[in-house]
Structures are given as C-alpha cells and as structure tokens.
Protein chains: 2
Amino acid sequence: MKWDELEEEPCSMARTIGVIGDRWTLLILRECFLRTRRFEGFQSALGITRHLLAERLKKLVRQGVLRRIPYQESPKRHEYILTQKGLDLYPIMMALVHWGDTHMVDERGRPLLHEHRKCGKMFDPVMVCSECGEPLSAKEVHVHPGPGASPALEKASLEKKAKLKSRKAAA
Amino acid sequence: MKWDELEEEPCSMARTIGVIGDRWTLLILRECFLRTRRFEGFQSALGITRHLLAERLKKLVRQGVLRRIPYQESPKRHEYILTQKGLDLYPIMMALVHWGDTHMVDERGRPLLHEHRKCGKMFDPVMVCSECGEPLSAKEVHVHPGPGASPALEKASLEKKAKLKSRKAAA
DNA sequence: TTTGACAGTTCAATTTTAGAACTGTATGAA
DNA sequence: TTCATACAGTTCTAAAATTGAACTGTCAAA
C-alpha cells in the first residue's frame, strides 16, 4: 500500500491515519499542543532530523492541520500554528496520553497531570456517547454501513475479487 | 531516536506511540475491533505483507495488547484477541474515526455509523472531563508536572544542556 | 568582521518496508 | 493415492524511507 492511498480509503480511521498516523507526526503534534511553534523548537525538543521535520511540517500544512504564519520579514520566518482542524485532534492526543497513563507508567507515576480550568480539578478524559452521555466501551457499540462505503463491505468485496481471481487462475 | 527508546520516555504519549504509533499497527487494531482474529483475516483485509504482519502481531502480543490463543491443535493455530489493555485502546480508535468523519469525508458521507446499544441511537464520541462531565477542549486544560518527570521539564533541561555545551565549545 | 540564531536543503549510509516466492501441516476431493 | 486448498508463517531481494552530518543563506548583535 502506498501511504497517500490511505487518504482515499472508505474508512475514516484509515484517512486519519494517512494524515497523522506516523510516529514523528504525532510527536510534532504533541509539541504543537504544548505551544511549540517554530522549526528550531520542534527540532530541539524532539531530536528529529531537520530533513524529516521540514517534510512533516509541509505535509501538515498541506493537510490543513497547521497554518504557516509569518512572524517577521527579512529574513522571512514562519510559525506553525494549529488550525481548528488541528485543534480538533485534541481528543486523539488526550486518548493517547490517557492510555499511556493507564498502561505504560513506571514506578514514578504519571509524567503529566491535567487540570480542567472550568472545574479546577485534575481529571482524566472520558469518552461518552453524544446522545445519552454514558461512557463508551467497544462492546456496547454496533457498526452500520454509512452513506460512504464501509470497510466491512469493502473487505467482503475484496475477498470476492480474490476468489474470482483464484478461480480464473484455476480455469 | 530509536523507536524502542520511545517506550522509556517520560511522556505517556510517547510511550503509547511506541506501542501503537505506526500505520500498520493502527490498521491491525482497527481490524481487531472489527472482530478479525486470524493471520489470514488480517492479511486479506489489509493487504499488509505477511512479513510485517507477523512482526507487528508479535510486537502487540509482547506488549500485552493482544493475546495469542490456540484454537486448534495439529497444525497448531492461534487467534489474536484483544486483552483488556487492548480493549482500552477503544477511545483512541473512536477519536481517530471521529476526526476522520469530521474532517476527511468525501461527498458520499461517512463510511460507518455507530450505534450505542444502551440508548439505541447513532452517536458521536465526545471526550469529557471525568470530574465535571463537561466536554474538553485544548484551551481549557492546563498541564502540570506529575510524579514522573514531565516532557516540559525534560525539554527545558535539554535546552540547558545544549546551552552549556555551546558555551563550552565557545570557550 | 565575526559569531550565532534561525529555517531550511542536500547527500551518502543505514534501516524499514514491499513484493514475491517458499515451507510445512493438515483437510477434503478426485 | 494424489492433488488442490486453507492456514500461518519464514526467507529473500529490491525499493523506499529515515538518519546523521554537513551545507546554504539571511539577518542581528558583539
């Protein structure tokens, strides 16, 4: 599979993965949410090679996740700022952090705590149903094909194709 | 950076990324949540090379995300099943899907719809504060160092080191 | 006039991944 | 019995991505 094909798959998860689904991109986005904005900032915080950093930033800008905004003329310098599309990645980031907090901490405990400004407390993120507000778990959710083709359907049709093919080969 | 170092970083997100932060792993996990359990199932659904699939499955088992369970003797065959640790990845998966649904759909609309068994409605996942139940946004959250070292501190100390180094070089 | 900050670009060497074929056990059909 | 198929991998080479390090170019401050 070529990775730019991912963005055209009839699966929202695959498309998302096509945009942010590699390690450096996720770490770059972590830095964005920690208020890093400049090339050198990302580079020194992450130790990523300058080559890759330039490439990833370009891609994120192309995808509309970051906006490249000049902060000085001569020499032209730009900052990379999260767009709304980028800010909307926040639940993904929090979900990643929370899983790590739950399953990957060492003896010392959590590296970071999160305070919710509105209520003033340290919190964990909880994913709930938009309709009834109850916490979600995999087992309580059923999947249906939507107006765009579903990966399940696609899977079935791929399997059909494979069978046809092998029959042809046999004939 | 070597990728197995990620798991030891004092950042829960980095550690999570070390486990599930590559494209194929995320797609394999998607299949797991869609009830795929066997080698051939993953391979034909995803088109991943058998080589990589074998490797990724091994890694997920090693990390405790999947359990490898025999379902027949002679020839020995195993299924790959999500552990609780794996099931706990569900919010991450849903967050990825939801972002794709919001920002990456084409004219045809969503590939999949999600029904919440408890309330019987099609829903979107919403991330809320465990303490007050309000939806979360990046701007309302403040980050504090926890008992394990924080990436912000680490960042600061790295920058200090870099400065010391450059001063030494100058001297 | 030299040094350093900043934001990249270039290039060879290494590492990962893709693609395809091969191994080995067992079942069911001809 | 022999052949084809299902299944779960392993092995190999070619292609692609990543690393590490050096280089480019502009400007400001010393």
Side-chain angles (χ1 to χ4, degrees), chain A residues 1-6 17-18 21-28 31 36-62 66 68-81 159 162-171, chain B residues 1-6 17-18 21-28 31 36-62 66 68-81 159 162-171:
Chain A
M1 187 187 298
K2 282 121 202 173
W3 287 114
D4 30 339
E5 285 173 24
L6 259 189
I17 292 170
D22 80 286
R23 309 197 206 266
W24 282 126
T25 300
L26 286 165
L27 290 172
I28 289 168
E31 289 306 309
T36 299
R37 297 156 175 256
R38 301 185 183 177
F39 194 92
E40 293 296 315
F42 292 109
Q43 207 280 321
S44 70
L46 298 174
I48 185 176
T49 63
R50 312 176 72 76
H51 184 47
L52 254 202
L53 175 57
E55 169 140 315
R56 291 290 191 269
L57 288 173
K58 245 177 228 160
K59 180 169 183 189
L60 287 170
V61 169
R62 205 166 56 238
L66 298 179
R68 191 161 175 269
I69 296 179
Y71 69 91
Q72 68 171 42
E73 296 294 317
S74 84
K76 276 220 167 190
R77 291 279 184 264
H78 301 84
E79 292 187 313
Y80 296 89
I81 317 263
E159 279 166 359
K163 275 194 185 159
L164 283 173
K165 209 169 145 193
S166 65
R167 270 175 210 169
K168 267 184 209 164
Chain B
M1 188 186 297
K2 282 120 201 173
W3 287 114
D4 31 338
E5 286 172 24
L6 258 190
I17 291 171
D22 79 287
R23 308 186 195 288
W24 281 125
T25 300
L26 287 166
L27 290 171
I28 289 168
E31 290 307 308
T36 299
R37 299 159 174 261
R38 301 186 183 175
F39 193 93
E40 293 297 314
F42 292 110
Q43 205 282 319
S44 70
L46 297 175
I48 184 177
T49 62
R50 312 176 72 76
H51 184 47
L52 256 201
L53 176 57
E55 170 140 314
R56 292 292 192 266
L57 288 173
K58 243 176 232 161
K59 181 169 182 188
L60 287 170
V61 169
R62 206 166 54 239
L66 298 179
R68 191 163 175 266
I69 295 178
Y71 69 90
Q72 68 172 41
E73 296 293 320
S74 83
K76 277 219 168 192
R77 293 279 184 266
H78 302 83
E79 293 187 314
Y80 296 91
I81 317 263
E159 279 166 2
K163 274 192 185 158
L164 282 173
K165 206 170 147 193
S166 66
R167 270 174 209 167
K168 266 184 210 163

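Chain letters run A, B, ... following the sequence lines, proteins first, then strands; residues in each count from 1. No experiment lies behind these values; they were computed from the predicted model shown.
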Are there any protein N/O atoms within less than 3.5 Å of an N/O atom in nucleotides 16-20 of chain D, and if so, which ones and at what distance?
| residue | atom | partner | partner atom | Å |
| --- | --- | --- | --- | --- |
| D/dT18 | OP1 | A/Arg56 | NH2 | 2.9 |
| D/dT18 | OP2 | A/Arg56 | NH2 | 3.4 |
| D/dT19 | OP1 | A/Trp24 | NE1 | 3.2 |
| D/dT19 | OP2 | A/Trp24 | NE1 | 3.2 |

Atom CD of B/Gln43 and atom P of C/dG19 are separated, to the nearest Å, by 11 Å

Distance in angstrom units between B/Glu40 CD and D/dT10 C1', rounded: 13 Å

Closest heavy-atom contact between A/Glu31 and A/Ala45? OE1-CB, 3.6 Å

Given atom CZ of B/Arg68 and atom P of D/dC7, what is their separation to the nearest angstrom? 16 Å

If each end axis of the helix from C/dT1-D/dA30 to C/dA30-D/dT1 is fitted on five C1' pair positions, the angle between them, to 10 degrees, is 10°

On a heavy-atom basis, the closest approach of A/Gln43 and A/Ile48 is NE2-O, 2.8 Å

Test item: A/Leu57 and A/Phe42 side chains (from C-beta on) under 4.5 Å apart, heavy atoms: yes

To the nearest Å, give me how far apart CG (B/Leu53) and P (C/dT17) are. 13 Å

Do A/Leu27 and B/Leu6 have side-chain heavy atoms sitting under 4.5 Å apart? yes

List the residues meeting salt bridge (charged side-chain N to carboxylate O under 4.0 Å, His left out) with B/Arg68, not counting sequence neighbours, and say none if there are none. none

Applying side chain to side chain donor-acceptor pair (under 3.5 Å) to A/Arg56 and not counting sequence neighbours gives A/Asp22, A/Thr25

Side chain to side chain donor-acceptor pair (under 3.5 Å) against B/Arg50, all qualifying residues, sequence neighbours excluded: B/Glu40

How many angstroms lie between CZ in A/Arg23 and CD1 in A/Ile28, if you round to the nearest 0.5 Å? 14.0 Å

Phosphate oxygens OP1/OP2 of D/dA8: is one of them under 4.0 Å from a side-chain N or O of B/Lys58? no

Give, for atom NZ of A/Lys59 and atom CH2 of A/Trp3, the distance between the pair rounded to the nearest 0.5 Å. 9.5 Å

What is the separation between atom CG on B/Leu46 and atom C1' on C/dG19, rounded to the nearest whole Å? 16 Å

Taking the six-membered ring of B/Tyr71, is the NZ or CZ of B/Arg37 close enough (under 6.0 Å from the centre) and on axis enough (within 45°)? no

Applying a 4.0 Å non-hydrogen cut-off, can you work out what B/Tyr80 is touching in the nucleic acid: base, sugar-phosphate, or nothing? sugar-phosphate

In short, A/Phe39 meets A/Leu53 closest at the heavy-atom pair O-CD2, 3.4 Å

At a heavy-atom distance below 4.0 Å, what parts of residues 70-78 of chain A sit against DNA chain D? A/Ser74, A/Pro75, A/Arg77

Which whole-number value in Å describes the distance from B/Lys59 NZ to D/dG9 C1'? 20 Å

How long is the line joining CZ of B/Phe39 and C1' of C/dT23, in whole Å? 13 Å

